[in-house]
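The structure displayed is predicted, hence computed values, not measured ones. Numbers restart at 1 for each chain; the letters A, B, ... are given by sequence-line order, proteins then strands.
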There are 2 protein chains.
Amino acid sequence: MEPMLSRLMSLVVVGSIAFDAVKTPFGERERMLGGSAVHFSLAASFFTEVRVVGPVGDDFGDAEYAILRRHGVGIDDIEHVQGGKTFFWAGEYEWNLNVRRTLDTQLNVFGDFQPKLSDASRAADTLFLANIQPELQREVREQCKAARLAALDSMNYWIETERDSLLRAIADVDMLLMNDDEVRMLTEEPTLLRGARQLMDLGPRVVVVKQGEYGASLFTADSFFSLPAYPLETVLDPTGAGDSFAGGLLGYLDAEGGADDEAALRRAMTFGSAVASFWVEEFGCERAERLTRAEIDARYEAFRRMTSVEGVPTM
Amino acid sequence: MEPMLSRLMSLVVVGSIAFDAVKTPFGERERMLGGSAVHFSLAASFFTEVRVVGPVGDDFGDAEYAILRRHGVGIDDIEHVQGGKTFFWAGEYEWNLNVRRTLDTQLNVFGDFQPKLSDASRAADTLFLANIQPELQREVREQCKAARLAALDSMNYWIETERDSLLRAIADVDMLLMNDDEVRMLTEEPTLLRGARQLMDLGPRVVVVKQGEYGASLFTADSFFSLPAYPLETVLDPTGAGDSFAGGLLGYLDAEGGADDEAALRRAMTFGSAVASFWVEEFGCERAERLTRAEIDARYEAFRRMTSVEGVPTM
């Protein structure tokens, strides 16, 4: 079947570009490409045209640009700060990989980041505000008036330090992605259903709750959908799992032309989960290098099979 | 449609019968009927004939027997220990209900429990060994040679104190139910898939992993199935959730005539989850009092709807 290119829209992500040092019980990397905008854009590139907005320093070179280019990621809005150094993060995972400890954070050029969007980025149909300062998320949202679907991610640090600003940023988007601990922390509701409802009351039509090794859940005004994580023999490194999930989800929705339809949202959740399941099989975004859309589609079908239930039997 | 009574087999559960004092952020009960065998049998009673084996003391009276009788639970093998007191447990749940603290445990008659099974219990088709000392589980399994499906639950306490004995008990059953932390503790494997495989290597054909508010997963030699927990507005008390889940699951499988078929196992997981979702809406087993099979069936259908995904679309 001929691909329907008319469906290919455009997606822009604003977030961090980083070098990561990661140690897990199964290996380590002293310096690898990372950052939420990188994981997101590589994942989204399997579905749609995606552009990255974020800052890098002099240590970000040809090898790193080449990885993004090979995936067709638009890099014109990557801001090279002369004399600066790229954001650096070092972390360690405990044995069961659910607990992560930050060993070092050097914000470097990311500390003074003021997003500058080209006209092409401002015209994007879909916008993903990765985990950055909520005030910056609002400014970017303001610049991307054309976006028909704006989504936002955040983290416990902003809930603790800039709660009011974060609530305003959330009010401006159509879709919120957060992990379950963050939903509880932000809403102070004991069940995810109540937490998600409170967040939808602020503005977003869709709340996606990331649950790590347990999968992810989708809440809208009148529906609920949930998907387990793909059962893996080996998980080498969970770094980037959430951002690659978001990339698959929003990349698919952008290609589909929006998030207005429940069935499309569910397919998007499934594609996001499929992509993330590959991501964690190797370190950082290393698995992306030889990942194919056919592999993603096959895992999508595996997800369908492993969640399918028959109707109530007549006994 | 006429019910096919020929399919109704028989199920026996051996475990604790208790009085519980429970405090959650949403209320408390100073003394209510509880214990794993009680939660299990009430849940299973919506699907099949079920008998309870367990000890009670003089404080266990007509009111408690009446609850079991109203659900048609077979109580002939409840052993009344003259001059004894029934097992008592007091616990408290934290705000998000995932963390439970035991405040008091009085084993009483349960401390000297030596299961005595009637001929009817020994002839049961399906056997559930609720969380008791592994050596007792083995003795009961030995007495129930007719059981075509034997399942076992356990807890961290036995993993820590009687690991070898527990491994032998596991080797004797067809199905193992455990929560995810216990699977990690027992197998020392970081992923559930590897943990479940190690457990299946010991003997059980089926491993069911209970994941609390995240749902439950089913592992067999060549398949995986997972179901989220039903999204609830309010959870009053998680006590008995795992046992009511097991009761729905094994009650359904007993009525179906076994666990040989993957589709039946998935339906059983879904019925178990449906029952458990009602259980936690109220304290202890209070919701069971007015629960109907029609309500369970309706929630089964809700589970199907909220987990259904379409095939890979042609783009």
(message) Quick check on Ser223(A) against chain B: is it the side chain, the backbone, both or neither that has a heavy atom closer than 4.5 Å?
(response) neither
(request) Give the member of Ser308(A), Ser217(A), Pro228(A) that has the highest number of heavy-atom pairs under 4.5 Å with chain B. (result) Ser308(A)
(request) Supply the atom-to-atom distance Met306(B) CE to Leu218(A) CG, rounded to the nearest 0.5 angstrom. (result) 12.0 Å
(request) May I ask you to name which of Gly195(B), Ser226(B), Ala229(B), Pro231(B) has the most heavy-atom pairs under 4.5 Å with chain A? (result) Pro231(B)
(message) Using modelled atom types and a 3.5 Å cut-off, is there a donor and acceptor pairing between side-chain atoms of Arg267(B) and backbone atoms of Val309(A)?
(response) no
(message) Measuring only between side-chain heavy atoms, which start at C-beta, is Thr234(B) closer than 4.5 Å to Arg194(A)?
(response) yes
(message) If I take atom CG from residue Asp180(B) and atom CD from residue Glu213(A), how far apart are they, to the nearest 0.5 angstrom?
(response) 6.0 Å
(message) Which atoms of Leu232(B) are under 4.5 Å from chain A, going by heavy atoms: the side chain, the backbone, both sets, or neither?
(response) backbone
(request) Heavy atoms only, distances under 4.5 angstrom: which of Phe26(B), Phe219(B), Phe224(B) has the most pairs with chain A? Name it, please. (result) Phe224(B)
(message) I'd like to know if Glu233(A) and Arg197(B) make a salt bridge, using a cut-off of under 4.0 Å between side-chain N and carboxylate O.
(response) yes
(request) Could you tell me whether the side chain of Arg266(B) and the main chain of Glu310(A) form a donor-acceptor pair under 3.5 Å? (result) no
(message) Nearest 0.5 Å, please: how far is OG1 in Thr307(B) from CZ in Phe303(A)?
(response) 13.5 Å
(message) What I want to find out is whether Arg184(A) reaches Glu94(B) closely enough, with some N-O distance under 4.0 Å, to be called a salt bridge.
(response) no
